[in-house]
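Some notes on the structure that comes next.
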Amino acid sequence: MLKNPVLEIKDLRTSFSIKGDYYAAVDGVSFTVHENEVVAIVGESGCGKSALALSVMGLHNSKGTKLEGQVNFGGQNLLTLSRSRLDKVRGKDIGMIFQDPMTALNPLSTIGRQIEEPMDYHMKLSASEKKKRTLELLRRVGIKNEQRVYEQYPHELSGGMRQRVVIAIALACDPVLLLADEPTTALDVTIQAQIMDLMKELQNQMKTGIILITHDLGVVAEMADRVIVMYAGEVVEIAEVKELFENPLHPYTRSLLNSIPSNLEAKEKLHVIDGIVPSIQNLDRKGCRFAPRIAWIPEEDHEEMPEMHEATPNHFVRCSCYKTFYFPEDRVGEREYVATNS
Amino acid sequence: MSLLTVNDLKVHYPIRGGFFRKVVDHVRAVDGISFELQPGETYGLVGESGCGKTTSGRALIGLNKATSGEMLFEGKDLAKLSRSERRNYTKDIQMIFQDPYSSLNGRKNVLNIIAEPLRNFERLSAKEELLRVQELVARVGLSPESIYKYPHQFSGGQRQRIGIARALALNPKLIIADEPVSALDVSVQAQVLNFMQEIQEEFNLTYLFISHDLGIIQHMCDRIGIMYRGRFVEEGTASEIYNNPQHVYTKRLIAAIPEMNPEKRFEKMHLRQAINQEYQTEYNTYFDKDGRMFDLKKISDTHSVAMQ
Amino acid sequence: MTNPVIDEKRLIAQEKLNNPSFMRTIWREIKHDKMALGSLILLTIIVLAAYISPLLIDSASLTRVNFLNVWKPPSAANWLGTDDGGRDVFGQLMIGTRNSLTIGVAVTLIAGMIGLTYGLISGYYGGAVDNIMMRILEFLMVLPSLMFIIVFVTIVPNYNKYTFILIMSAFYWFAKARLIRSRALQERELDYINASKTLGTPSWKIMFFEMFPNLSSLVIVNMTLSLAGNIGIETGLTFLGFGLPAGTPSLGTLISFARNPDIIKNKWWSWLPAALLILVMMLCINYVGQAVKRASDARQRLA
Amino acid sequence: ACTGKEKEGAGEKDPEKDPEKKTEEPTKEEPKEDPSAGLDFPMDVSNKAEALEDGELTWAMVTDTPFEGTLSRVFYSGAYDYEIISKFDEDLLAVDGDYLITNEGAATYEISEDNKTITLTIRDGVKWHDGEPVKASDLLYSYQLLGHPDYTGDRYDFMIENVVGMPDYNAGKTKEISGIVVSDDEKQISLTFTEATPSILSGIWTAPTPRHHVGDVMTGEITIEELESSDKIRVNPIGFGPYKVVKIIPGESVLYERFDDYWKGKPNLKSMVTKVVSSASILEALKKGEVDIASVPVDQYLNAKDIDNIELLAKVDLAYTYIGFKLGKWDAEKKENVMDPNAKLADKRVRQAMWYAMDNETIGKELYHGLRFPATSLIIPVFASFHDADLVTPSYDPEKAKALLDEAGFVDVNGDGFREDADGNEFVLNFASMSGGETAEPIAQFYMQNWADVGIKVQLLDGRLHEFNSFYDMVKADEPKIDIYQGAWGTGSDPDPSGLYGRTASFNYSRFTNEKNDELLAAGTSEKAFDSDYRKDIYKQWQALMAEEVPVAPTVYRYTLRGVNKRVVNYSIDPATELWLSDLGVSE
Amino acid sequence: MLKFILRRTLLMIPQLILLSIIIFMLSKAMPGDALTSAFMSNPNASEEQIEKIRDKLGLNDPWYEQYGRWIGNAVQGDFGQSYVHKQPVTSLLAGRIENTVLLSLFTAIVIYLIAIPLGIIAGRWTDTWADKMIVTYNYFAFATPLFVFALLMLYLFSFILGWFPIGGSGNIRIEPGSWEYIVDRAKHLFLPVMSGALIGTFATIQYLRNDIIDQKIKDYVKTARSKGVPEGRVYTRHILRNSLLPIAAFLGYEITGLISGSIFIESIFSYPGLGQLFLQSISQRDFTVVTALVMVSGAAVIIGTLLSDIILSIVDPRIRIE
Ligand SMILES: Nc1ncnc2c1ncn2[C@@H]1O[C@H](COP(=O)(O)OP(=O)(O)OP(=O)(O)O)[C@@H](O)[C@H]1O
Ligand SMILES: Nc1ncnc2c1ncn2[C@@H]1O[C@H](COP(=O)(O)OP(=O)(O)OP(=O)(O)O)[C@@H](O)[C@H]1O
Ligand SMILES: [Mg+2]
Ligand SMILES: [Mg+2]
């Protein structure tokens with residue numbers, strides 16, 4: 001599977017200013033996305049997934065945000081591009097799909113206008129050509145009465161429909177890379193399935209690279225080619241999707257998988273990950289960041305400066321603690337619900 | 001005898017319009033549902049967004065007025081009770097809310113939150129009250145000193161437990177849980193679900209568990225009712241529903257659960273397409289000519305389907 | 001499968017994060033903003049001066065007319081000169097500041113209370129109650145309030161500081177009621193209100209002990225900002241001749257000296273200090289108010 | 001009191017003797033500085049140059065509210081409307097400096113032997129602005145309007161009602177007014193009165209109404225109500241004065257043009273404008289030459305003095321301010337005033353003492369820079385023939401006041417610094433005073449201080465000043481809370497005070513009655529009083545009576561100030577002047 | 001849409017009736033009446049005479065009877081007779097309304113001309129020096145009493161500099177219709193309008209700035225940026241349109257402010273309009289005029305809010321008017 005890399009992220013660090021100090025929410029992330037590849041990024045809420053996506057798109061507020069590292073796309077480092085140069089890339093070569101279709105559309109513009117807008121800036125098309133293309137796009141994202149929807153306003157559409165429109169906007173100028181930040185989280189199960197199917201279909205047709213951000217491992221299993229597991233701003237595991245589900249290595253990945261009900265027999269106890277993701281100010285940036293939540297693993301099992309290890313070919317995992325990790329319930333057979341106060 | 005019997009419950013919201021803002025039509029949020037809850041069981045209510053799950057739950061607890069139908073709780077029709085009579089049942093039926101962030105008043109500390117129902121129904125001295133609250137707090141696995149903390153000092157899962165402690169304060173018989181974990185991260189979700197199972201045994205609780213996540217419903221429930229557009233399309237035990245879904249809508253819901261095995265994902269996708277196909281071609285078997293579901297029909301002792 | 005509005009939830013959570021210690025948050029915010037801190041200090045000085053100095057000033061001599069001493073420019077005896085009755089302007093400025101402040105604060109509080117109660121009831125019950133109450137409110141908001149105030153002022157038989165406060169309060173709560181109501185409407189959808197209902201808590205208790213504390217930061221912000229406006233509330237009316245009775249010194253009566261060019265230019269000491277004082281107070285309150293406002297909104301906070 | 005003819009400005013021949021007698025105020029007990037020292041105001045402009053052929057001039061109407069624009073003598077109500085009317089319309093009879101009718105005007109008069117009938121003869125060539133001659137029946141028309149049952153204006157007063165047959169006409173019983181006869185040639189009109197009174201000479205109505213222009217109410221052509229709001233009196237009113245109205249911006253300004261056919265000949269100015277200027281801006285407007293003639297508020301006098309391009313004229317106003325003592329009640333049944341022997345201020349010594357206690361001189365000198373001066377009698381000095389300049393009345397003397405109070409038994413028994421009444425009860429007076437004007441409040445305070453200085457405790461009613469309407473509502477209704485009040489009367493041009501102090505006068509707000517008073521007031525308007533010496537003597541007695549009884553204590557008389565651009569010629573505010581409005585002009 | 005307007009217009013009727021009852025009662029409760037000051041113009045008129053006139057005018061009837069008469073006529077477009085002005089209230093107002101409408105209209109226009117650009121600048125470039133200056137200006141606008149500001153403007157520009165006339169609405173010597181006339185009217189309007197407008201920008205700038213700050217972080221703005229829309233266009237095409245909604249919604253109530261403003265401005269600049277008429281009528285107790293003026297103002301606000309709603313429904317597709 002040797003494909004051309006589309007996007008190459010090297011040691012990306014995104015820091016936010018809080019009361020004058022900068023704290024990294026994305027802390028040295030590196031990975032590559034290839035043509036026609038779906039890379040899923042998973043992790044609990046607050047792990048820095050969105051911060052990563054927004055950094056790639058240059059959508060962070062320039063004040064109070066510090067971006068370091070490289071985001072190489074089409075031979076340019078997006079982080080250092082001027083605003084006007086960046087605008088030539090955004091919407092044309094990279095499209096973005098947002099989580100909440102309820103708020104991602106301008107309530108005052110028609111659907112048609114909103115899909116045509118990127119074409120205004122990136123393609124030289126006449127009005128009628130734009131309309132034609134827009135209707136085509138609407139059909140492609142599975143909207144049947146596209147003529148009507150073209151004239152409608154966002155509030156007249158259901159959530160699922162709106163998400164399709166958001167996808168159509170992202171696809172408007174045939175991007176080579178699609179960034180989808182939790183595209184199905186806000187949707188109902190059945191709609192989520194439809195959107196997933198749609199994205200798979202589109203990806204098959206268009207051969208774009210996709211970064212799919214989600215915290216739903218089910219979505220990952222359904223969609224991804226490669227999976228990046230993030231925890232507290234760091235990548236903790238990267239693997240092909242099959243490999244990851246069959247052979248999860250990092251304790252965090254394993255815990256996540258174990259806490260999903262549908263994976264277990266009914267009425268059996270679920271695994272519980274103690275504690276919560278630390279906020280970026282309270283994060284202890286030394287040692288293994290997941291260590292506090294697996295307190296039963298002896299300290300010496302963690303690396304001092306955890307690094308990525310290639311455990312099996314193309315399967316990377318951070319910190320050597322994965323080697324000795326076990327679930328306490330497997331060992332002890334009982335567990336106590338002791339609240340760990342943050 | 002069943003703890004709760006719901007008979008043909010309807011909740012309609014008026015739609016106003018026209019020149020004098022008269023009621024021109026109704027949203028049939030809940031349009032005639034019937035089910036029974038046996039003591040000690042967990043009954044799951046599933047369906048897509050907007051199908052009327054929340055409305056049903058709220059009608060049972062009295063947050064909404066039922067338009068018609070019966071809600072017999074231990075033989076007494078809750079719908080016909082006056083405000084003051086209804087109050088007596090407040091103790092017996094409690095609710096766990098979806099959102100642990102908004103369901104706790106951020107301005108009150110845990111003590112005041114948990115003591116609220118006690119203050120409404122029991123005349124306790126400050127000391128007794130404190131003891132009761134400490135007992136409850138301990139029961140939900142929080143440290144005793146946490147009663148002087150405020151909700152924001154807890155994680156989502158811990159908050160949800162505070163909410164549960166509050167609901168337990170009056171020793172209810174029935175707890176309505178409306179999407180108790182959908183606002184929580186997967187990791188925290190597990191915490192709350194496990195805990196709910198534990199206290200069910202301990203307090204001999206009956207749950208009406210509302211969710212749109214079939215995975216969770218399957219994990220938690222003994223019997224399941226599938227709702228669609230304000231009506232039931234299928235009802236049965238968890239295994240009947242999962243292993244032998246009859247109604248196309250049920251099948252659709254089940255097919256929509258993301259496949260956890262990456263290898264089978266295309267299979268699942270094709271299954272979904274097939275079900276969609278069925279939905280289109282065999283529409284008439286499932287819906288009458290007005291597009292309404294048929295009434296439930298028993299196909300076994302425990303399993304009923306809304307089919308002709 | 002998280003809730004669609006998880007981000008907003010987090011915001012609410014963050015807002016609540018500072019709720020219990022809102023006062024402390026405000027203080028932190030003010031400390032962080034030099035302008036606000038300076039304003040607060042200045043304001044404290046003015047308020048103290050206004051409320052303490054009348055105790056030291058002999059108010060009988062202050063109201064004593066002396067026609068041999070009219071329109072005297074500032075001097076050692078009369079720091080800010082004298083007015084048309086030969087009375088000391090400085091003393092009047094102090095008492096006037098106290099009166100204007102008292103009026104401003106009282107109107108803010110009373111109007112705030114009315115607006116709060118009205119808005120809470122309307123928003124809490126929603127539905128038909130809300131509908132009726134909003135129709136009434138809409139009607140009230142249509143009233144040309146200045147005209148009505150003028151009419152009321154001419155009717156009131158015993159017109160003094162207190163009736164003035166009542167009249168003003170009667171016309172200044174509409175916008176507050178609307179604001180509170182719209183927030184209450186949002187709040188009533190939140191589950192903690194539903195929770196209280198299912199726990200059998202009576203409505204009035206829910207309104208005032210559950211809902212109100214959650215609106216308090218909004219109320220505090222709104223009150224501080226409207227206080228700034230209400231300090232100068234009587235100046236305009238006084239200018240039109242419907243303000244406080246002459247003999248009740250207020251900033252308005254002093255500023256209203258500025259009626260003709262001669263006084264504006266040649267007798268500036270009579271009106272300018274009062275005008276500046278009002279400006280300073282309003283600006284100060286505004287700066288403090290902005291800090292309070294930022295404190296209530298996690299996104300805008302500086303500290 | 002008088003007719004509605006407040007003589008204003010130059011033009012209409014307003015003869016009057018100069019009111020310089022204030023300088024010889026003999027009432028001072030100790031020699032005091034002359035309050036108006038340094039005030040030496042002319043009443044005529046000093047510019048004696050030739051008037052320009054086609055000059056233009058602007059009058060300022062100094063007010064903060066717009067004028068109403070009811071430009072008819074019969075219907076107008078505001079003084080500002082009168083200011084406009086007086087520029088384009090005249091009375092048929094002119095008056096002299098005593099406000100008595102003369103034969104100088106557009107008509108001449110003769111009075112019958114029995115003093116009951118007056119006959120007016122209109123001169124030839126007196127024309128309305130539209131060229132129609134002014135007819136005798138036009139004056140009749142004014143009477144027909146004033147007495148009309150539908151008339152709601154306030155000019156149907158004693159002098160109108162006094163016309164024979166008027167009450168019947170007014171009640172709607174007849175269509176004719178029997179006492180008015182118009183000659184066939186429309187040149188003469190005679191009016192017969194029920195009662196002969198010297199007020200005829202100062203109070204007779206001689207302003208005609210152009211029937212042909214405004215329409216005839218008598219024939220039903222138009223109703224009174226329509227007439228009031230008709231464009232004929234609001235948009236294009238006509239008169240027979242020296243200037244005609246060309247254009248009106250409602251409430252704001254009026255443009256006049258010379259009336260070439262004016263009965264006294266072509267007026268000097270080509271056009272004039274009257275425009276509203278707020279009191280705050282008036283000096284500025286004068287300084288910039290935007291207006292040529294303007295009355296100047298007294299409080300701006302010091303600044304007005306310093307303006308180079310204007311000249312200040314001044315005369316004593318037809319008004320006085322006073323402190324009234326509530327002594328009784330109005331009996332609505334009997335329609336007369338009834339004194340209350342138990343009134344707080346029933347003892348006249350206390351009233352006198354309060355008069356002595358008031359330092360009006362300081363007010364006049366310091367607050368008004370001499371533009372107001374202590375008043376002595378209730379007949380103002382303008383009526384030089386009747387004002388008793390030698391009358392001795394209380395003037396500021398606290399010691400005298402204290403002595404009087406002691407004598408009356410009002411002493412401080414409880415040592416709180418204030419006197420108790422003769423029975424030793426607490427003695428607190430409620431003082432009602434009107435708001436309005438910047439000086440109202442300090443003056444009220446000042447008087448209260450004056451009284452406090454002699455030990456009388458006076459407090460403001462409700463602790464504040466009262467707005468005009470509420471003030472008069474309360475004073476009129478004999479609000480029991482009011483013990484004393486400060487008021488002012490405009491006297492009009494008739495010296496007869498019975499409208500304000502008579503037993504049956506409802507405006508007699510002090511409710512003072514006294515048989516002597518009745519007698520004197522009756523005598524003052526009797527037929528005998530056509531003899532001016534007799535009348536003078538009667539009024540002298542009356543003034544003395546009032547100074548003794550003190551139902552009210554007059555406080556100050558006032559000057560009115562007028563700023564006139566130095567380019568204005570032939571302008572005088574002297575009521576006795578020989579100048580007419582048509583003589584007014586500007587030089588360059 | 002038409003139906004909506006009709007419905008709202010019908011709804012206006014009970015509102016106006018209620019308003020008229022309230023104001024009628026209140027004006028009757030004011031001490032004194034139009035005839036209280038009658039003796040000022042004619043000291044010879046006796047109280048009995050005046051009382052007789054009161055009877056004739058029906059001023060002595062109970063208020064509800066007077067109201068009945070009044071409303072009966074009002075329905076037919078006759079708002080009664082002004083006693084002081086001796087003419088029908090309708091024609092009295094008709095003569096003045098032009099001035100006030102001109103004044104308010106231009107004031108509103110200038111307010112928006114100033115406030116919208118400033119609001120946008122402040123909202124877009126928050127915390128820059130430009131923003132700080134605008135915010136400071138705005139605080140001053142908020143804190144300065146209108147009448148003080150107007151007086152200072154008058155003092156400075158008319159008295160000291162002499163650039164503008166000191167009052168009134170126009171020079172009577174200039175013929176209407178000419179260019180000169182327009183210039184003259186404009187010169188007379190300039191100071192009153194500017195005084196009202198410079199002070200009146202507060203609410204609009206404040207709202208706009210806050211709303212832009214709120215809108216800036218909305219998701220749809222991120223969407224727009226991710227489409228490659230240049231920053232300028234992000235504001236003009238997306239943020240601004242959304243941010244102007246609350247201002248449009250506020251339009252109706254802005255009228256209340258303009259009405260109160262006109263009371264001050266007109267009396268300071270001797271500009272004969274409704275505001276000045278109101279003050280005059282209050283002090284002269286010309287209650288038919290007071291009632292009519294309050295009604296007109298009320299109606300103006302109601303119509304303003306209706307207008308707001310219509311504008312909103314045009315701009316905002318989410319608001320549907322049946
Ligand atoms: N603008 C910002 N300023 C300060 N902190 C921020 C900012 N944006 C994000 N953060 C913090 O950075 C961390 C990562 O946030 P991010 O939104 O990327 O999480 P996420 O993984 O996308 O979570 P979710 O699943 O809830 O969307 C969080 O702790 C968050 O509080
Ligand atoms: N107060 C209301 N007024 C009018 N319609 C309402 C009201 N509340 C709910 N509805 C409608 O009733 C229907 C059922 O709503 P309900 O909230 O019960 O659905 P749900 O199954 O709980 O959905 P979700 O999964 O989104 O919570 C929906 O179509 C909703 O729009
Ligand atoms: Mg995110
Ligand atoms: Mg729900």
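Each chain gets a letter, A, B and so on, in the order the sequences are listed, and its residues count up from 1. Scope of the values below: all heavy atoms of this structure, side chains included, with no hydrogens, waters or symmetry mates.
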In terms of heavy-atom pairs under 4.5 Å, which option from [options] contacts chain E the most?
| options | value |
| --- | --- |
| D:Ala280, D:Ala505, D:Pro149 | D:Pro149 |
| D:Ser278, D:Ser253, D:Gly251 | D:Ser253 |
| D:Lys247, D:Glu290, D:Glu161, D:Arg234 | D:Arg234 |

- Message: D:Glu225 vs E:Lys86, test: salt bridge (Lys or Arg N to Asp or Glu O under 4.0 Å). Steps then yes/no.
- Response: CA-CA 8 Å; D:Glu225 194 176 325; E:Lys86 310 266 196 262; over 6 Å; no

- Query: Quick one: what part of E:Ser169 sits under 4.5 Å from any heavy atom of chain D, side chain, backbone, both or neither?
  - Reply: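 Both the backbone and the side chain of E:Ser169 come within 4.5 Å of chain D.
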
- Query: Taking NZ, NE, NH1 and NH2 as the nitrogens, is one of them in D:Glu467 or E:Arg285 under 4.0 Å from a carboxylate oxygen of the other?
  - Reply: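 Between E:Arg285 and D:Glu467 there is a salt bridge, with a charged N closer than 4.0 Å to a carboxylate O.
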
Quick one: does [X]'s side chain have a donor or acceptor within less than 3.5 Å of a partner on [Y]'s backbone?
| X | Y | result |
| --- | --- | --- |
| E:Tyr83 | D:Thr152 | yes |
| D:Asn469 | E:Ser283 | yes |
| D:Glu284 | E:Ile166 | no |

- Task: For D:Ser281 and E:Leu154, work out which heavy atoms get closest and say how close.
- Result: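 For D:Ser281 versus E:Leu154, the nearest heavy atoms are OG-CD2, 4.3 Å.
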
Going by heavy atoms in the side chains, are [X] and [Y] under 4.5 Å from each other?
| X | Y | answer |
| --- | --- | --- |
| E:Gln87 | D:Glu228 | no |
| D:Lys275 | E:Ser270 | no |
| D:Thr63 | E:Gln280 | no |

- Does the side chain of E:Gln284 come under 3.5 Å of the side chain of D:Glu68 through a donor N or O and an acceptor N or O?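 Yes, D:Glu68 and E:Gln284 have a side-chain donor paired with an acceptor closer than 3.5 Å.
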
- Any side-chain donor paired with an acceptor under 3.5 Å for D:Ser271 and E:Arg173?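 On atom types as modelled, these side chains qualify, holding a pair under 3.5 Å.
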
